[in-house]
Amino acid sequence: MHVFFCDNINSNSGVLDKTESAHAIRVLRLKIGDTIVVLDGAGAVHHALINGADAKACAFAITQSQTASKRKVSLHVAIAPTKMNDRMEWFLEKAVEMGIEKITPVLCEHSERRNVNMERFQKVIKAALKQSMQPYLPVLYDPVALPVFLKTAAPGFIAHCNSAVDHLLERRMPEMGEVCVLIGPEGDFSPNEVAQAIKGGWLPVSLGTSRLRTETAGVYVCALTRTLNEKINQSK
C-alpha cells in the first residue's frame with residue numbers, strides 16, 4: 001500500500017501537495033481508482049481512492065479513517081545538532097519511528113554545528129512518518145540557544161556525563177504527561193550550562209554507564225519512552 005502525507009483534508013476529500021502528487025502520478029504511476037493511505041499528521045490514518053490523477057494536485061476521496069489515541073507519556077527532546085548532518089538526520093528518522101512528539105535543536109557552548117537545514121529536517125521527518133505509519137507528525141521547533149530554552153521551557157531532565165550523576169532517567173520517568181529531556185553536544189554540556197539548568201529546576205540524570213554519542217543518547221531516550229508507553233498500554 002502506498003502511503004502519503006497530507007494536511008490539506010476537508011471532510012472526506014483532500015489534495016496531495018506538489019511533491020507528493022508528482023511522486024504518486026509520475027513515479028508510482030497511480031491512476032484514478034487506485035487505493036492509497038494518507039496520514040494527516042494529526043492522528044488519523046485515512047484509506048482513500050484517487051479521483052483526480054493530476055501530477056501537480058492529486059485529489060483523493062476518503063473511504064475509511066482510523067484515529068489513534070495519543071501516548072500517555074509524550075516526549076520532547078531538546079538536542080544539540082551533531083557535527084555531521086547525517087547523524088542528526090538519523091536521530092530524527094529513528095525518533096519519529098518511535099513516536100516522539102516534539103524536537104528542539106539547542107545551541108550549546110560546545111556545539112560544533114550552529115546552522116541547520118530545517119527544510120531538510122522536515123523532509124526527513126515526513127519520510128520517516130510515512131515509512132513507520134506513525135499517525136502524529138512531531139513538532140520541529142526552530143533552533144534556540146540553550147540559555148533561552150532554559151528560560152522558556154518547562155523544566156524536565158538534563159542528561160549529561162558527570163560521573164557524580166547516579167540517577168537513571170529510567171527510574172525517574174513519570175507515567176503521564178509531557179517529558180522534556182536535554183541532550184548535549186559532542187563534548188557534553190559545559191559545567192556552567194549544567195549549573196544553570198539545575199538552578200532553573202532541571203533534574204540531572206544519567207543514561208547509563210556507557211558514554212553515548214549525541215544522536216545515540218537521543219534515540220535511547222525515545223526508546224525508553226516508547227517502552228514505558230507500551231507497558232502502560234499493556235497494564236490497562
- Task: Give the intermediate values and the outcome of side chain to side chain contact (heavy atoms under 4.5 Å, CB included) for residues Asn8 and Asp17.
- Result: CA-CA 8 Å; Asn8 181 26; Asp17 66 19; over 6 Å; no
- Kindly indicate, with the supporting measurements, whether the criterion side-chain hydrogen bond (donor to acceptor under 3.5 Å, both in side chains) is fulfilled by Ser132 and Glu97. CA-CA 5 Å; Ser132 60; Glu97 289 178 14; 6.0 Å; no
- Query: side chain to side chain contact (heavy atoms under 4.5 Å, CB included) between Arg172 and Leu203: does it pass, once the steps are laid out?
  - Reply: CA-CA 9 Å; Arg172 290 196 158 196; Leu203 300 176; 3.5 Å; yes
- Candidate pair His76 and Tyr141, rule ring-ring contact (aromatic ring centres under 6.0 Å, His included), full reasoning: CA-CA 10 Å; His76 181 181; Tyr141 293 103; 5.7 Å; yes
- May I have the step-by-step check of side chain to side chain contact (heavy atoms under 4.5 Å, CB included) for Phe149 and Thr104, ending in yes or no? CA-CA 9 Å; Phe149 185 80; Thr104 300; 4.0 Å; yes
- Task: Report the C-alpha separation of Val205 and Leu168 in whole Å, then their side-chain angles, then the decisive distance to 0.1 Å, and conclude whether the side chain to side chain contact (heavy atoms under 4.5 Å, CB included) test is met.
- Result: CA-CA 6 Å; Val205 292; Leu168 288 173; over 6 Å; no
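In terms of hydrophobic clustering, with Ile, Leu, Val, Met, Phe, Trp and Tyr side chains grouped at heavy-atom distances under 4.5 Å, Ile183 and Leu107 are assigned to different clusters. Using a 4.5 Å cut-off between side-chain heavy atoms of Ile, Leu, Val, Met, Phe, Trp and Tyr, with links allowed through other members, Val73 and Val219 fall into the same hydrophobic cluster. By the criterion of side-chain heavy atoms lying less than 4.5 angstrom apart, applied directly or through intervening Ile, Leu, Val, Met, Phe, Trp or Tyr residues, Phe5 is grouped together with Met133 in one hydrophobic cluster. Grouping the Ile, Leu, Val, Met, Phe, Trp and Tyr side chains by contacts below 4.5 angstrom, directly or via other members, places Ile9 apart from Leu137. Both Leu75 and Leu224 belong to a single network of hydrophobic side chains, linked directly or stepwise wherever heavy atoms of I, L, V, M, F, W or Y lie under 4.5 Å apart.
Using a 4.5 Å heavy-atom threshold, the side chains of Glu193 and Glu109 count as touching. Contact check for His160 versus Pro204: side-chain heavy atoms found under the 4.5 Å cut-off. Side-chain contact between Lys102 and Pro138 is absent, with no heavy-atom pair separated by less than 4.5 Å. Using a 4.5 Å heavy-atom cutoff, the side chains of Leu146 and Phe189 are in contact. Side-chain contact between Glu20 and Lys130: present, with at least one pair of heavy atoms (C-beta onward) separated by less than 4.5 Å. Counting heavy atoms from C-beta on, the side chains of Phe4 and Cys58 never come closer than 4.5 Å. Under the 4.5 Å side-chain criterion, counting only non-hydrogen atoms from C-beta, Val148 is not in contact with Lys151. A 4.5 Å side-chain heavy-atom check between Met84 and Arg87 finds at least one atom pair inside the cut-off.
More than 12 non-hydrogen atoms from other residues, nucleotides or ligands lie less than 6.0 angstrom from CZ of Arg114. Within a 6.0 Å radius of CG in Asn115, no more than 12 heavy atoms belonging to other residues, nucleotides or ligands are found. Within 6.0 Å of CD on Glu170 lie no more than 12 heavy atoms contributed by other residues, nucleotides or ligands. A 6.0 Å sphere centred on CE of Met118 holds more than 12 heavy atoms belonging to other residues, nucleotides or ligands.
Between the Ser21 side chain and the Lys18 main chain, no donor and acceptor come within less than 3.5 Å of each other. Put simply, the side chain of Ser206 gets close to the backbone of Gly208: a donor and an acceptor are under 3.5 Å apart. Under a 3.5 Å cut-off, the side chain of Thr67 and the backbone N or O of Gly43 do not form any donor-acceptor pair.
Considering CD1 of Ile62 and CD of Gln64, their distance stands at 11.0 Å, rounded to 0.5 Å. Atom CD in Glu93 sits 13.5 Å away from atom CE in Met88 (nearest 0.5 Å). To the nearest 0.5 Å, atom CG of residue Leu150 and atom CH2 of residue Trp202 are 6.5 Å apart. Here Lys231 contributes atom NZ and Asn229 contributes atom CG; the two are 11.5 Å apart, rounded to the nearest 0.5 Å. Ile32 contributes atom CD1, which lies 7.0 Å from atom CG of Asn51 (distance to the nearest 0.5 angstrom). To the nearest 0.5 angstrom, Gln122 atom CD is 9.0 Å from Leu92 atom CG.
Nearest heavy-atom pair, Ala154 versus Cys180, reported as atom, atom and distance to 0.1 Å: O-CB, 4.5 Å. Residues Ile79 and Gly218 come closest through the heavy atom pair CD1-CA, 4.4 Å. The nearest pair of heavy atoms linking Gln134 to Leu39 is O-CD1, 3.7 Å. Looking at every heavy atom in both residues, Val181 comes nearest to Leu169 through CG2-CD2, 4.3 Å. Shortest non-hydrogen contact noted between Val116 and Phe121 is CB-CE1, 3.7 Å. Pairing each heavy atom of Val179 with each of Met173, the nearest pair is CG1-SD, 4.0 Å.
Ionic pairing of Glu186 and Arg113 is not present here: no N-O contact between side-chain nitrogen and carboxylate oxygen is shorter than 4.0 angstrom.
Checking Glu230, Glu178, Glu101, Glu175 one by one against Arg71, the salt bridge (charged side-chain N to carboxylate O under 4.0 Å, His left out) holds for a single residue, Glu101. The side-chain contact (heavy atoms from CB on, under 4.5 Å) test with Phe60 singles out one residue from Asp34, Leu49, Val38, and that residue is Val38. Remark: of the listed residues Leu140, Ile100, Val139, Leu140 is the sole one forming a side-chain contact (heavy atoms from CB on, under 4.5 Å) with Ile125. Applying the side-chain contact (heavy atoms from CB on, under 4.5 Å) test between His2 and each of Leu28, Ile50, Val37, Thr35 identifies Leu28 as the sole match.
A donor-acceptor contact closer than 3.5 angstrom links the side chains of Asp40 and His46. Judged purely by distance below 3.5 Å, without hydrogens or angles, the side chains of His47 and Thr63 never pair a donor atom with an acceptor atom.
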